[in-house]
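Every heavy atom of this structure was used, including side-chain atoms; hydrogens, water molecules and symmetry mates were not.
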Amino acid sequence: MKTALITGITGQDGAYLAQLLLENGYEVHGVVRRSSTQEINLSRLEWLGIEKMVTLHDGDLIDLASLVRLVQEIKPDEFYNLGAQSFVGSSWHQPLLTAQVTGVGVTNALEAIRLTNPECRFYQASSSEMYGKIQEDMQSETTPFYPRSPYAVAKLYGHWITVNYRESFGMHASSGILFNHESPLRGREFVTRKVTDGVVRIKLGLEKELRLGNIDAKRDWGHAKDYVRAMWLMLQQETGDDYVVATGVTTTIRDMCEIAFDHLGLKLDDHLVIDQKFFRPAEVDVLLGNPGKAKEKLNWEPEITLDQMIREMVDADMKRLAPLAS
């Protein structure tokens, strides 16, 4: 039985990855950061019915000592670093925190492995946001980066320090440059979930409008379940490497919204309000990934379409919110 350690296990990707690893016979451990003001949010693990099948440990990406302790105790075969301050909008308000957790935290994880268990395979969750002001129409592993937010800058540091540790110390360290990936487990601060939650509230009579920012921005959206499978496949290869994980299809936020509203028999333009406060200080207009390397070397293909994903998210939000309207 293999053992895996996941930071960010209570998030969308962490929960789906834990589910995948359990299905593959792993013993799964997760790192959680304690807070004096709130309980650990296990809702995503509970939604998947696996909260009692994983072992949670106190730790923090900005505390090297806690990571060293966990790697020594658990002796994981695989370490998946999914923990981060992961909301782009908040990174302008908390740039130093974002740099510490999303950037320097990666070094702490790598150091913990290097010092105590160098044979452990490491996965770093890189991001398509690193491309930012795009330098090529379709972004691949060789496309130059041009980050446009504190979050993206921090992710870029995490990406390059992973490459550096792989080349300097011979570690099996891989980065997945993941394009936008969503699911019913996505937080409501992200635009896809904001839309699916909003359209359900309108359908149930709980709200009358949906307020959004730049709906002309284009994104390459996939399903988180497909993308965590790519993470796992990276650590099954003989050597570490970097891979773009994307669908290769780009869609405007407006078109994504249309799918959600159409699913419930509503018209987007009857309820949409463009609000300037939701525009970013520096916008990323288009992201479109080239997953050719992942398809060739990992034998990976996305299996869930954007239409299927958005309808699934709407149905999940209807299940959550229907009791409020009764």
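- With values rounded to the nearest 0.5 angstrom, Thr102 atom OG1 is found 12.5 Å from Leu156 atom CG.
- The existence of a salt bridge linking Asp317 and Arg193 is confirmed by a sub-4.0 Å separation between a basic side-chain nitrogen and an acidic carboxylate oxygen.
- Arg188 CZ: 12 or fewer foreign heavy atoms inside a 6.0 Å radius.
- Using a distance-only test at 3.5 Å, with no hydrogens or angles considered, a donor-acceptor pair links the side chain of Lys293 to the main chain of Asp242.
- Within a 6.0 Å radius of CH2 in Trp160, no more than 12 heavy atoms belonging to other residues, nucleotides or ligands are found.
- Contact of the Trp221 side chain with the His181 side chain is not registered, since no non-hydrogen atoms from C-beta on lie closer than 4.5 Å.
- Remark: side-chain polar atoms of Ser174 are paired, donor with acceptor, to backbone N or O of Asp241 under 3.5 angstrom.
- By the 4.0 Å N-to-carboxylate-O rule, Arg311 lies too far from Asp262 to be salt-bridged with it.
- Leu204 is listed as a side-chain neighbour of Leu321, based on a closest heavy-atom distance under 4.5 Å.
- Between Pro291 and Thr247, the closest side-chain pair of non-hydrogen atoms is not below 4.5 Å.
- Thr7 places a side-chain N or O within 3.5 Å of a backbone atom of Leu82 that can act as its donor or acceptor partner.
- When the side chain to side chain contact (heavy atoms under 4.5 Å, CB included) test is applied to Val244, the partners found at least two apart in sequence or on another chain are Tyr131, Glu141, Ile177, Phe179, Ala246.
- A donor-acceptor distance shorter than 3.5 angstrom exists from the side chain of Gln135 to the backbone of Lys133, with no hydrogens or angles considered.
- With respect to the salt-bridge test (charged N to carboxylate O, under 4.0 angstrom), the residues Asp269 and Arg254 qualify.
- Taking a 6.0 Å sphere around CD of Glu119, one finds it holds 12 or fewer heavy atoms contributed by other residues, nucleotides or ligands.
- Salt-bridge check for Asp197 with Arg201: passed, with a basic side-chain N closer than 4.0 Å to an acidic carboxylate O.
- Minimum interatomic distance between Ala15 and Leu185 (heavy atoms only, all atoms of both residues): CB-CD1, 4.0 Å.
- No side-chain heavy atom of Tyr26 sits under 4.5 Å from any side-chain heavy atom of Thr3.
- Contact check for Asp63 versus Arg33: no side-chain heavy atoms found under the 4.5 Å cut-off.
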- Verdict with supporting geometry, Tyr80 and Leu17, side-chain contact (heavy atoms from CB on, under 4.5 Å): CA-CA 9 Å; Tyr80 295 86; Leu17 177 61; 3.4 Å; yes
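- For the atom pair CZ of Arg219 and CE of Met256, the computed distance is 10.0 Å after rounding to the nearest 0.5 Å.
- Of the possible polar contacts, one joining the Thr252 side chain to the Asp255 backbone as a donor-acceptor pair under 3.5 Å is found.
- Although no hydrogens or angles enter the test, the distance criterion places no donor-acceptor pair under 3.5 Å between the side chain of Thr162 and the main chain of Gln124.
- The CG atom of Asn41 sits 6.5 Å away from atom OG1 of Thr10, with the distance rounded to the nearest 0.5 Å.
- Apart from Tyr146 itself, the hydrophobic cluster it occupies contains nothing, where clustering links Ile, Leu, Val, Met, Phe, Trp and Tyr at side-chain heavy-atom distances under 4.5 Å.
- A cation-pi arrangement is absent between Lys2 and Trp232 under the rule of less than 6.0 angstrom and at most 45 degrees off the ring axis.
- Taking both residues in full, the closest heavy atoms of His172 and Glu238 are given as CD2-O, 3.5 Å, listed atom of the first, atom of the second, then distance.
- The shortest non-hydrogen separation linking Asp60 to Leu67 is O-CG, 3.8 Å.
- Electrostatic pairing of Glu209 and Arg211 counts as a salt bridge here, judged by a charged N lying under 4.0 Å from a carboxylate O.
- The two atoms that bring Gln72 and Thr116 nearest to each other are CG-CG2, 3.4 Å, heavy atoms only.
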- Message: Could you go through Asn108 and Leu61, starting from their C-alpha distance and side-chain angles, then the distance that decides it, and tell me whether this counts as side-chain contact (heavy atoms from CB on, under 4.5 Å)?
- Response: CA-CA 7 Å; Asn108 288 334; Leu61 279 169; 5.7 Å; no
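- Here the side chains of Asp220 and Asn180 are not in contact, with every heavy-atom distance at 4.5 Å or above.
- Of all the heavy atoms in Asp13 and Ala224, the pair that sits closest is OD1-CB, 3.9 Å.
- Checked by atom type and distance alone, the side chain of Gln139 pairs as donor or acceptor with a backbone atom of Leu288 at under 3.5 Å.
- Between His223 and Pro184, the shortest heavy-atom distance links the atoms NE2-CD, 4.3 Å.
- Asp270 contributes no side-chain N or O that, together with a main-chain N or O of Leu266, makes up a donor-acceptor pair within less than 3.5 Å.
- Between Met53 atom CE and Leu21 atom CG the span is 11.5 Å, to the nearest 0.5 Å.
- Taking CD of Glu78 as the reference point, atom CE of Met234 lies at 12.5 Å (rounded to 0.5 Å).
- Side chain of Thr196 to backbone of Val314: no donor-acceptor contact under 3.5 angstrom is found.
- No side-chain donor-acceptor contact under 3.5 Å links Glu167 to the backbone of Tyr165.
- Within the 4.5 Å cutoff, the side chain of His57 has no heavy atoms near those of the Val32 side chain.
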- After noting the C-alpha distance and the side-chain angles of Lys203 and Met318, does the key distance pass the side-chain contact (heavy atoms from CB on, under 4.5 Å) rule? CA-CA 9 Å; Lys203 182 68 173 181; Met318 181 63 77; 4.2 Å; yes
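- Thr251 places none of its side-chain heavy atoms less than 4.5 Å from the side chain of Lys218.
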Expected list for residues 295-307: side-chain donor-acceptor pairs under 3.5 angstrom, two or more places apart:
from: Trp300; atom 1: NE1; to: Asp226; atom 2: O; distance (Å): 2.9
from: Thr305; atom 1: OG1; to: Gln308; atom 2: N; distance (Å): 3.1
from: Thr305; atom 1: OG1; to: Gln308; atom 2: OE1; distance (Å): 3.3

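- At a threshold of 4.0 Å, the pair Lys194-Glu189 does not count as salt-bridged, since none of the basic side-chain nitrogens sits closer than that to a carboxylate oxygen.
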- Residues Leu212, Val191; criterion side-chain contact (heavy atoms from CB on, under 4.5 Å); working and verdict: CA-CA 8 Å; Leu212 297 173; Val191 67; 4.2 Å; yes
